[in-house]
Protein chains: 2
Amino acid sequence: MKQPVDVVTQDAARIARAISHPVRLQILNELREGGAYVMHLTSVLGRPQANISQHLMVLREAGLVTAIREGMTVLYQISEPEVMAVLDALLILAEKRRTRQQIASGPLPEGDVHHAGRRRRGKCRCPRCRQL
Amino acid sequence: MKQPVDVVTQDAARIARAISHPVRLQILNELREGGAYVMHLTSVLGRPQANISQHLMVLREAGLVTAIREGMTVLYQISEPEVMAVLDALLILAEKRRTRQQIASGPLPEGDVHHAGRRRRGKCRCPRCRQL
DNA sequence: ATACCTTATTCCAAGAATTGAATACAGTAT
DNA sequence: ATACTGTATTCAATTCTTGGAATAAGGTAT
């Protein structure tokens, strides 16, 4: 199927650019299971609400996430499973790299690689966290 | 007020940014089978040599490709298979998207704009193309 | 209506990415 | 040495991205 490869390449580049920011990667990771509310992302990632919204706009415009209004709040979800496949491939590569570094320069005190570094702050009041 | 982002996420973002340019995506695609010489990339992609070299530097610094000097020429290769896995996941997503668009708005006309300004293939004198 | 909560958008300055042009560097010849 | 080929780097101008502040917009109450 040797077609307008360039159209696909252009779109692939746009997708990669949308993914290529640490905060946006974290957002996508948080959406992994069933999506998340903006409020939740703001709380978990510890960034100003406007900034989270800006990053969500980038992800929306790249077609990587979809927004569903639920009253006052908005639930964001990964738009299709292929998006997560890209994210996973990226994380596998990055993780492999860190493992190599770790072997070379000594172990680091860290838990699960994919959800490492942060913990929920427990003061999120999004619809989902309220139910717990 | 920056929240610490874990190392893997940062590295994944750096990798994604290195990939997120059409020319660099095309380069990676050309390296798919056994790598390619700079000369070949310049010829096939129809861009100035300096520009190709600049993009190769970005890919090198992200650890996505490796360079091997062979006399006057330099052979570039994908550094590890996981890199191609990322590229493939990206292309699958982009391709899926194009298919949807095409179904929605009908087939594209033949004279594709994206091939308009490109130099013709087949006059590459890199070590590999010379053997054919 | 007012007040409040959640999310989106606009504006703008600082910083980063991209590119062509020129140039430097490395290797192979004569 | 000089000339030539292939690749890398530097520089400067332009363009794109990012993030904070302020504010707008959408929704739910009282």
Side-chain angles (χ1 to χ4, degrees), chain A residues 10 13-27 30-31 35-62 65-77 123-130, chain B residues 1-3 5 10 13-27 30-31 35-62 65-77 117 119 123-130:
Chain A
Q10 287 276 112
R14 281 185 34 246
I15 293 168
R17 183 167 290 282
I19 294 182
S20 71
H21 189 286
V23 170
R24 294 198 287 270
L25 273 172
Q26 286 183 290
I27 288 176
E30 288 292 333
L31 301 187
Y37 294 88
V38 178
M39 190 179 217
H40 183 79
L41 296 171
T42 305
S43 167
V44 162
L45 301 183
R47 319 225 59 192
Q49 175 270 321
N51 188 246
I52 294 290
S53 231
Q54 286 164 345
H55 284 302
L56 283 170
M57 177 165 48
V58 173
L59 292 172
R60 235 187 303 130
E61 282 173 352
V65 303
T66 59
I68 302 170
R69 252 219 126 87
E70 293 184 359
M72 229 172 0
T73 65
V74 177
L75 176 65
Y76 275 84
Q77 289 180 311
K123 59 177 182 179
C124 175
R125 287 163 326 193
C126 81
R128 208 165 276 168
C129 290
R130 267 193 183 286
Chain B
M1 203 195 290
K2 282 218 169 194
Q3 199 55 26
V5 178
Q10 292 227 67
R14 281 183 42 246
I15 292 168
R17 183 168 291 285
I19 294 181
S20 71
H21 189 287
V23 170
R24 295 198 286 271
L25 273 172
Q26 285 183 287
I27 289 176
E30 288 292 332
L31 301 187
Y37 293 89
V38 178
M39 192 180 215
H40 182 79
L41 297 171
T42 304
S43 168
V44 162
L45 302 184
R47 318 224 63 196
Q49 176 270 321
N51 188 248
I52 294 290
S53 232
Q54 286 163 344
H55 285 301
L56 284 171
M57 177 165 49
V58 174
L59 293 173
R60 235 186 304 127
E61 283 173 353
V65 303
T66 59
I68 302 171
R69 253 220 125 84
E70 294 184 358
M72 225 168 9
T73 65
V74 177
L75 176 66
Y76 274 84
Q77 290 179 310
R119 207 181 292 168
K123 59 177 181 183
C124 174
R125 288 165 324 195
C126 81
R128 208 166 275 168
C129 290
R130 269 193 182 287

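Side chains included, hydrogens not; waters and symmetry mates left out as well; all remaining heavy atoms used. Here is the naming used below: chain letters follow the sequence lines, and residue numbers restart at 1 for every chain.
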Considering only [options], which nucleotide approaches the side chain of [X] most closely?
X       : options               : result
B:Val38 : D:dG20, D:dT7, D:dT17 : D:dT7
B:Met39 : D:dG6, D:dG19, D:dG26 : D:dG6
B:His55 : D:dG6, C:dT6, C:dT19  : C:dT19
A:Arg17 : C:dT18, C:dA26, C:dT7 : C:dT18

Take atom [atom1] of [X] and atom [atom2] of [N], then tell me their distance rounded to the nearest Å.
X        : N      : atom1 : atom2 : answer
A:Asn51  : D:dA21 : CG    : P     : 11 Å
B:Arg47  : C:dA21 : CZ    : P     : 12 Å
A:Leu56  : D:dT18 : CG    : C1'   : 15 Å
A:Arg125 : C:dT7  : CZ    : C1'   : 14 Å
B:Leu59  : C:dT18 : CG    : P     : 11 Å
A:Leu45  : D:dG19 : CG    : P     : 12 Å
B:Met57  : D:dT10 : CE    : P     : 7 Å
B:Glu61  : D:dA8  : CD    : P     : 12 Å

Taking for each residue the nucleotide of DNA chain D with the nearest heavy atom, is it A:Met72 or A:Gln49 whose nucleotide lies nearer the 5' end? A:Gln49

Closer to the 5' end of DNA chain D via nearest nucleotide, is it A:Arg24 or A:Ala50?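 The answer here is A:Arg24.
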
Is the shortest side-chain N/O distance from B:Arg60 to OP1 or OP2 of D:dT9 below 4.0 Å?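 True: B:Arg60 side-chain N/O within range (under 4.0 Å) of D:dT9 OP1/OP2.
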
Counting only side-chain N and O atoms of B:Tyr37, is one of them less than 4.0 Å from OP1 or OP2 of D:dT5?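 Answer no for this pair, as no side-chain N or O of B:Tyr37 is under 4.0 Å from OP1 or OP2.
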
Taking A:Ser43 for its side chain and A:Met39 for its backbone only, find out whether a donor-acceptor pair lies under 3.5 Å. no

For the pair A:Arg128 (side chain) and A:Gly35 (backbone), establish whether a donor and an acceptor sit closer than 3.5 Å, ignoring hydrogens and angles.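 Checking the backbone N and O of A:Gly35 against the side chain of A:Arg128, a donor-acceptor pair under 3.5 Å is found.
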
Please figure out whether A:Leu75 or B:Val23 has its closest DNA chain C nucleotide nearer the 5' end.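 Result: A:Leu75.
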
Assess whether one donor atom and one acceptor atom, taken from the side chain of A:Gln54 and the base of C:dT10, lie less than 3.5 Å apart.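 Check passes, donor-acceptor contact within cut-off.
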
4.5 Å side-chain heavy-atom contact, [X] and [Y]:
X       : Y       : answer
B:Ile27 : B:Val65 : no
B:Glu30 : B:Tyr76 : no
A:Leu56 : A:Leu41 : yes

May I ask you to say what B:Ser53 touches in the nucleic acid, namely base, sugar-phosphate or nothing, with a heavy-atom cut-off under 4.0 Å? base

